[in-house]
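Below, chains carry the letters A, B, ... as their sequence lines are ordered, and counting in each starts from 1.
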Amino acid sequence: MNSAAENLCLSLLSNCRTLRNLKQIHAFVYKSGLETDPLISAKILLISAVQISDAIDYARRLFIHNPNPDVFMYNTLIRGESESDSPNNSVSSFARMLRESYSPPDSFSFAFALKAAANLRCLKTGFQLHCQAMVRGLDTHLFVGTTLVSMYGECGFVVFARKVFDEMNEPNVVAWNAIITAYFRGNDLSGADRLFGLIPCRDLTTWNVMLAGHTKAGDLERAKGLFLRMPSRDDVSWSTMIVGFARNGYFDEALRVFRELVGSGNRSNEVSLTGVLSACAQAGAFEFGKILHAFIEKMGFAWISSVNNALLDTYSKCGNVLMARLVFERMPGKKSIVSWTSMIAGLAMQGYGEEAIKLFHKMEESGTRPDEITFISILYACSHAGLLERGHEIFSKMTGIYNIEPTIEHYGCMVDLYGRAGQLHKAYNFVVQMPVPPNAIIWRTLLGACSFFGDIELAEQVKKRLSELDPDNSGDHVLLSNIYAVAGKWKDVDTVRRLMAEKNMKKTPGWSMIEVDKVMYSFVAGDKLNDITEEAYNKLSEITLKLKVEGGYVPEVGSVLHDIEEEEKEDTLSKHSEKLAVAFGMARLCKGRTIRIVKNLRVCKDCHSFMKSISKVYELDIVVRDRSRFHSFKEGSCSCRDYW
DNA sequence: GTAGGGTTAG
């Protein structure tokens with residue numbers, strides 16, 4: 001018979017969602033003398049290990065204090081750890097079960113431990129578990145077999161996955177789904193399609209498997225076809241499409257599908273939200289992002305950490321670091337490493353180096369261990385704020401205290417740090433002494449710094465290295481020719497230009513995007529004429545004239561010498577995509593509204609001074625997110641202090 | 001009293 005207190009505890013536990021709440025209930029359990037009640041302690045373990053994302057440490061402590069855990073409790077811990085940040089703990093718990101438990105692992109134990117091996121992509125662990133399962137006669141168990149298929153698939157061994165699948169007695173639809181997923185994992189799209197044709201019965205999930213496989217392979221057309229053809233769709237089908245579009249750069253499509261999802265009355269979930277938010281973040285769709293924020297609050301998604309992280313990233317990538325900070329501060333529960341790192345990166349992109357470092361220290365104090373991505377963000381913050389010394393300290397801390405092996409990206413940050421500070425020869429010496437061979441990106445970073453500080457001699461040396469590693473990169477040639485042009489070395493400019501023409505090198509087309517009335521418009525340099533571009537071109541000529549007369553704006557033709565004839569210089573400059581986007585925004589948006597642009601390349605010197613000029617003459621704020629950082633133009637100057 | 005396949009942010 002359950003007592004009244006026991007029933008009360010069980011009912012409290014069934015509504016428990018946060019660690020804080022769980023601790024309160026746990027205290028009440030002690031007070032009521034129910035701490036040894038098997039049903040209640042099992043339930044508390046289940047909630048902390050599985051149902052609350054940041055409570056696995058609590059679960060582990062509970063488990064340790066239990067003198068003789070039963071199979072159920074072992075399985076719960078193995079399951080929770082397999083889904084945690086350190087799935088290797090799950091494997092350890094399984095091993096401990098073999099050594100210490102009175103009862104042997106059952107099919108549940110194997111399914112959970114195999115999931116850990118899959119998450120670790122550790123074939124060796126998976127193989128050992130497979131052997132153990134064979135010894136116990138559990139390898140042909142339907143559930144264990146299916147998990148084996150997906151484990152081998154995750155580890156990239158499709159042949160093993162297929163072997164297990166072929167040996168299964170009567171594979172059901174779930175097993176079929178697992179083997180199809182394994183084929184997609186191994187990039188065997190036609191194999192996956194073939195199996196899809198052979199499958200005896202398909203449910204909704206099979207169609208979702210096909211959607212996921214094709215979107216991950218980047219074939220959105222195929223996925224779209226399947227999406228329209230499938231007999232019914234659920235929230236996972238919709239989320240898969242939205243995430244797929246967002247991942248592959250089809251931001252407007254992601255926004256459109258999300259709108260359609262909400263309009264159709266189907267259920268949106270946290271995954272479709274993170275997907276559409278990611279599209280907004282990449283495209284800089286600030287207005288749409290704000291609407292999503294309201295939607296999140298209204299629909300009760302605000303307690304989910306993945307949604308909050310995506311929202312904070314959206315605000316910071318749209319240039320609104322204050323709103324990003326607000327979301328960050330108000331997030332419920334423990335802040336994850338993703339939250340901390342996103343916030344640090346957000347501050348870094350705006351050039352708030354000191355604030356980023358402060359937050360980094362707060363993160364350390366909170367007990368969250370920074371990882372390699374955190375260090376990339378914080379080093380980036382230092383280089384973009386000119387904090388040479390601090391960057392140096394942090395780099396030594398990473399290797400010395402946190403024992404994190406620097407990757408080529410970390411070295412790249414250091415080169416950037418020296419380069420931006422004008423210490424070109426220090427940067428060069430750093431590159432040649434690096435323990436890993438420098439790649440083209442490293443040399444390109446240095447070339448950029450040489451260009452900024454006009455060091456022709458070093459630039460030529462660096463360009464030589466680049467020619468060995470990546471000889472046909474047009475950007476490198478453009479940089480070099482710009483360096484010559486600024487120094488007035490026309491003959492050298494000509495040589496580089498001729499080389500580019502001979503090799504038929506094409507410049508990466510620059511594009512810029514702007515959001516007007518929650519719709520994204522994109523512009524490409526030298527765009528063909530249509531209604532939208534015509535409107536932009538007309539407004540642009542009007543603006544340029546006014547700036548020349550009232551703002552003293554003089555086009556800086558140095559940036560275009562590489563690819564066109566002299567008389568066209570100014571004409572081509574005026575067609576840069578960011579100028580078109582700004583002009584379009586000024587034509588369409590209400591007066592006084594901040595203009596927000598996202599650009600795929602770095603903004604050129606001419607466009608930079610053009611924006612400064614607009615911000616003064618028109619008394620208008622402009623925010624440009626380029627490939628490397630944010631530029632906030634206000635009253636004739638830029639937040640980057642002409643340093644980018 | 002726990003399962004297996006499909007969607008999740010830096």
Review point. Is any side-chain N or O of A/R247 closer than 4.0 Å to OP1 or OP2 of B/dT7?
Key: no

Atom CD of A/E81 and atom C1' of B/dT2 are separated, to the nearest Å, by 15 Å

For residues 323-341 of chain A, the salt bridge (charged side-chain N to carboxylate O under 4.0 Å, His left out) pairs (sequence neighbours left out) are A/R325-A/E329

- Salt-bridge test for A/E83 and A/K115: reply yes if a basic N is under 4.0 Å from a carboxylate O, no otherwise. no

Ranking B/dG5, B/dT8, B/dA9 by distance to the side chain of A/V174, first place goes to B/dG5

Closest of B/dT7, B/dG5, B/dT2 to the A/F112 side chain is B/dT2

By salt bridge (Lys or Arg N to Asp or Glu O under 4.0 Å), A/K43 pairs with (sequence neighbours left out) none

When rounded to whole Å, the NZ to P distance for the pair A/K317 and B/dA9 reads 11 Å

Original post:
Checking only heavy atoms, does the side chain of A/T274 share a donor-acceptor pair with the base of B/dT8 at less than 3.5 Å?
Top reply: no

The nucleotide from B/dG10, B/dT2, B/dT8 with an atom nearest the side chain of A/V271 is B/dT8

Ranking B/dT7, B/dT2, B/dA9 by distance to the side chain of A/F72, first place goes to B/dT2

Hits for side chain to side chain donor-acceptor pair (under 3.5 Å) against A/E372, two or more places apart or cross-chain, chain-then-number order -> none

A/M210 CE to B/dG5 P, in whole Å, measures 18 Å

Practice problem: Establish, from distance only, whether the side-chain atoms of A/D371 and A/T374 form a donor-acceptor pair under 3.5 Å. | Solution: yes

Within the modelled atom types, does a donor on one side and an acceptor on the other bring the side chain of A/T240 and the base of B/dT7 under 3.5 Å apart? no

Atom CG of A/N308 and atom C1' of B/dT8 are separated, to the nearest Å, by 13 Å

On a plain distance test, is the side chain of A/N75 in donor-acceptor contact with the base of B/dG1 below 3.5 Å? no

Sugar-phosphate only, base, or nothing, as touched by A/V209 at under 4.0 Å among non-hydrogen atoms
sugar-phosphate

Side-chain N or O of A/K115 less than 4.0 angstrom from OP1 or OP2 on B/dA3? no

Base B/dG4 paired with A/N177 side chain (donor-acceptor, <3.5 Å)
no

Among side-chain atoms of A/Q282 and A/S278, is any donor-acceptor pair under 3.5 angstrom?
-> yes

**Asked** Just checking, is any N or O donor in the side chain of A/S305 or A/N308 under 3.5 Å from an acceptor N or O on the other one?
**Response** no

| query | Do A/F110 and A/F94 have ring centroids that are under 6.0 Å from one another? | reply | yes

Per the under-4.0 Å heavy-atom filter, residues of residues 339-372 of chain A near DNA chain B come out as A/T341, A/S342, A/D371

Residues of residues 140-156 of chain A with a heavy atom under 4.0 Å from any atom of DNA chain B, listed by number, are A/H141, A/L142, A/F143, A/T146, A/T147, A/S150

request  = Looking at every strand, decide which applies to A/A212 at a 4.0 Å heavy-atom threshold: base, sugar-phosphate, or nothing.
outcome  = sugar-phosphate

Discussion item. Need one value for A/T374: base, sugar-phosphate or nothing, where a base atom within 4.0 Å counts as base even if backbone is also close, heavy atoms only.
Written reply: base

**Request:** Would you classify A/S306 as touching base, sugar-phosphate or nothing, given that sugar-phosphate means primed atoms plus P, OP1 and OP2, and contacts are heavy atoms under 4.0 Å?
**Result:** base

- Query: What does A/I337 touch in the nucleic acid at a heavy-atom separation under 4.0 angstrom: a base, only the sugar-phosphate, or nothing?
  - Reply: base

Looking only at B/dG1, B/dA3, B/dT7, the nucleotide nearest the A/D70 side chain is B/dG1

Notebook entry, point to check: So what does A/K335 hit on the nucleic acid, given a heavy-atom distance under 4.0 Å: a base, only sugar-phosphate, or nothing?
Noted result: nothing

Q.
Checking A/S339 against A/N309: is there a side-chain donor and acceptor pair closer than 3.5 Å?
A. yes

Checking A/M241, A/R222, A/M210 against A/F227 for side-chain contact (heavy atoms from CB on, under 4.5 Å), the one that qualifies is A/M241

Sorted by chain and residue number, the salt bridge (Lys or Arg N to Asp or Glu O under 4.0 Å) partners of A/K358 (sequence neighbours excluded) come out as none

